[in-house]
Number of protein chains: 2
Amino acid sequence: MLHQTITIKDIARELNISVSTVSRALRDTFDVSLETKQLVLEKAKELNYKPNFNARGLSQGKTNNIGIILPFITNYYFSTVITGIQKIAYDFNYNIILYLTNDSEEREKLIMSNLTLSGLDGILISTCASNYDHVHEVIGKGIPVVFFDRTNPLEASKVRQDDYNGAFEATSHLISQGFSEIAHITGPQDQIFTQNRLNGYLNALEHYGIPIRSEWIVHTGFSQECGSTDLQSLMSHCKKPDAIFAVNDRKAIGAMVQLKKENIRIGQDFGVVGFTNDPICTLITPTLTTVSESAFEIGRIACELLLKHIQKVNLPSKEVILPGELIIRESSMRTTLVD
Amino acid sequence: MLHQTITIKDIARELNISVSTVSRALRDTFDVSLETKQLVLEKAKELNYKPNFNARGLSQGKTNNIGIILPFITNYYFSTVITGIQKIAYDFNYNIILYLTNDSEEREKLIMSNLTLSGLDGILISTCASNYDHVHEVIGKGIPVVFFDRTNPLEASKVRQDDYNGAFEATSHLISQGFSEIAHITGPQDQIFTQNRLNGYLNALEHYGIPIRSEWIVHTGFSQECGSTDLQSLMSHCKKPDAIFAVNDRKAIGAMVQLKKENIRIGQDFGVVGFTNDPICTLITPTLTTVSESAFEIGRIACELLLKHIQKVNLPSKEVILPGELIIRESSMRTTLVD
DNA sequence: TTGTAAGCGTTATCAC
DNA sequence: GTGATAACGCTTACAA
């Protein structure tokens with residue numbers, strides 16, 4: 001009795017009707033009598049019938065699987081996005097299949113090219129790549145793709161936060177607190193969201209008539225460790241900054257760790273602002289000012305959009321930009337009481 | 001040309017051979033000549049052939065998909081476990097499909113019963129349930145299941161950390177630091193890992209001849225907020241503890257937040273130890289003493305074990321217990337310099 | 001070593 | 001409304 005699964009054939013046989021009728025009844029099509037439909041559903045329940053998705057997929061050309069491709073899941077932002085995606089997917093009876101690129105462009109391309117495309121109805125991707133042939137190929141095969149978080153110049157649907165305005169507000173806030181030597185520590189230059197945050201920073205400085213110093217813009221990685229080393233290298237210049245705007249909270253925290261080591265009073269003497277609103281912001285001392293990203297919403301909206309594309313083949317692509325919100329905490333307040 | 005996919009038929013036609021030969025060549029079976037194999041592989045590459053996993057799954061009765069069922073992914077521990085699982089799965093050409101239960105037993109059962117079992121070769125689960133009929137049903141159908149993290153009394157393969165010893169060491173450490181009024185804040189009583197940590201705590205007290213006070217054992221939820229409220233309620237007793245061992249780092253941190261509010265000096269006057277070794281432990285002030293869990297390893301080993309079960313039908317089940325390691329930081333050190 | 005044909009569980013296209 | 005039957009792409013006896 002091991003591995004013996006119930007199929008529509010079994011239902012058909014027991015009910016003395018044809019498989020096509022059973023199939024129709026189960027799918028609730030219009031051309032089946034209410035009576036037989038009842039009978040079939042009852043019998044299906046009785047036998048504990050579960051549809052075989054491989055067979056269904058093979059004959060319909062769809063699978064109810066969507067792929068998620070992203071760099072990591074071990075941070076607040078991405079894991080929350082996935083939770084949002086999962087919610088919608090689950091509600092609409094889609095499975096999500098997870099692929100991690102480790103922020104490696106090579107790996108991302110490998111995954112995409114090996115992708116069992118026949119097994120995926122659509123793809124949600126936060127790309128770490130700097131060119132997009134591999135995405136083109138997939139789109140060319142008619143598989144809908146929706147980008148989230150990290151964006152790109154392709155003609156495709158995208159869901160992301162408003163990086164430019166968030167960065168503009170963050171920088172403006174530092175200026176309003178009286179900081180004027182503001183550095184920016186960020187990630188690789190080839191990411192568009194990185195560029196947007198940089199532009200927000202630059203335009204805020206410009207807007208307030210503060211000179212821009214290119215040596216105060218540091219491009220390294222996204223990790224906390226990079227935040228620490230970035231700060232170190234900034235402090236080695238003869239002219240030192242009195243505040244930093246970091247591309248994300250992890251780097252901001254890395255910088256704070258280093259500032260503490262150098263006995264610089266965060267808030268009072270040195271302003272720090274991050275980006276993301278990782279829950280950790282409220283746990284560290286001092287608490288970290290940041291720009292909130294609606295991670296769950298981004299996941300939710302991206303998934304909804306993808307499902308629409310899956311349902312309707314030539315749906316025009318669409319870009320959704322969610323506003324962030326500046327959340328002011330101790331790390332940027334001159335009046336903070338550091339404990 | 002949209003959605004037009006290359007099948008083995010195309011390869012067969014172009015090469016003037018039969019589909020079965022193509023199939024054999026692609027699967028690298030022994031009964032095909034080296035020559036034709038070469039030809040087929042070349043042509044496959046040329047046409048950019050990608051196998052259809054639905055078809056393959058349907059005919060072989062396997063899918064190369066494994067399901068992961070767990071409460072959340074938005075914390076360090078689970079997201080790291082998944083990363084470990086993903087690594088192995090990817091290396092062996094398996095996809096992982098993610099299901100989140102939100103720590104709801106009802107939801108877990110719903111997911112399991114709706115599971116497109118035909119679409120899954122095996123399941124990795126961190127169950128939040130207190131009875132296991134739903135798991136039995138799946139195992140009964142011959143789908144291999146490996147439990148990770150949270151354990152249970154079923155006859156099945158399991159991979160988990162050594163909760164008992166970790167808790168024993170954590171508590172012993174507090175005692176060795178001179179704390180003697182040690183409370184334990186933990187999760188729901190029906191989880192076995194919770195019970196194990198509780199037992200470790202109890203036996204350590206016993207071992208050092210310290211009386212056990214049942215009012216100092218608080219069962220609530222696993223969240224940080226619960227940690228704060230637990231501490232509050234402990235401090236409302238006339239006899240107050242001078243240390244806590246928390247079931248996880250989140251609750252420990254919640255307790256620390258509350259201790260700070262009450263102006264109690266953590267480390268010097270009040271010892272705190274957590275469990276997990278979330279990276280946040282090193283970022284908060286004071287840094288948090290904890291028991292490390294090998295999250296990535298647990299994922300890796302669980303996945304390897306599952307793949308073995310998938311390959312070999314009647315592999316005897318096996319329980320792997322990974323040791324934790326006490327990591328001593330400021331929160332439990334009487335000599336700590338709190339900044 | 002290769003080819004033929006049946007079969008995996010569904011859905012879809014016809015007839016009736 | 002219902003029932004044959006072909007098809008989806010692949011694997012796998014069995015034959016040659």
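We use all heavy atoms of the structure for the numbers below, so side chains are in, but hydrogens, waters and symmetry mates are not. Proteins come first, then strands; the chains are lettered A, B, ... in the order of their sequence lines, and each starts at number 1.
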Rounded to whole Å, please give me the gap between [atom1] in [X] and [atom2] in [N].
X	N	atom1	atom2	value
B:Asn64	D:dT11	CG	P	11 Å
A:Ile11	C:dG9	CD1	P	13 Å
B:Asn54	D:dA7	CG	C1'	15 Å
A:Asp28	D:dG1	CG	C1'	15 Å

Charged N to carboxylate O below 4.0 Å: is that the case for [X] and [Y]?
X	Y	result
B:Lys158	B:Asp149	no
B:Glu106	B:Lys109	no
B:Lys45	B:Glu42	no

If you draw the axis of the six-membered ring of B:Tyr99, does the NZ or CZ of B:Arg107 fall within 45° of it and under 6.0 Å from the ring centre? no
Assign each of B:Leu58 and B:Lys37 to its nearest nucleotide of DNA chain C by heavy atoms, then name whichever residue's nucleotide is nearer the 5' end. B:Lys37
Under 6.0 Å between ring centres, would you say that holds for B:Phe193 and B:Phe222? yes
How would nucleotides 10-16 of chain C be written as a contact map, 5' to 3', with B for base contact, S for sugar-phosphate-only contact and - for no contact, using protein heavy atoms under 4.0 Å? BBBB---
Return a table of donor-acceptor pairs under 3.5 angstrom between the side chains of residues 303-314 of chain A and protein atoms on other chains or two or more places apart.
unit_1: A:Glu304; atom_1: OE1; unit_2: A:Arg300; atom_2: NH1; d: 3.4
unit_1: A:Glu304; atom_1: OE2; unit_2: A:Arg300; atom_2: NH1; d: 2.9
unit_1: A:His309; atom_1: NE2; unit_2: A:Ser157; atom_2: OG; d: 2.7

With distance as the sole criterion, is a donor-acceptor pair present between the side chains of A:Thr21 and A:Ser18 under 3.5 Å? yes
Side chain to side chain contact (heavy atoms under 4.5 Å, CB included) with A:Ile66: which of A:Asn95, A:Ile96, A:Ile88? A:Ile96
Through what angle, rounded to 10 degrees, does the axis of the helix from C:dT1-D:dA16 to C:dC16-D:dG1 turn between its ends, using five pairs per end? 40°
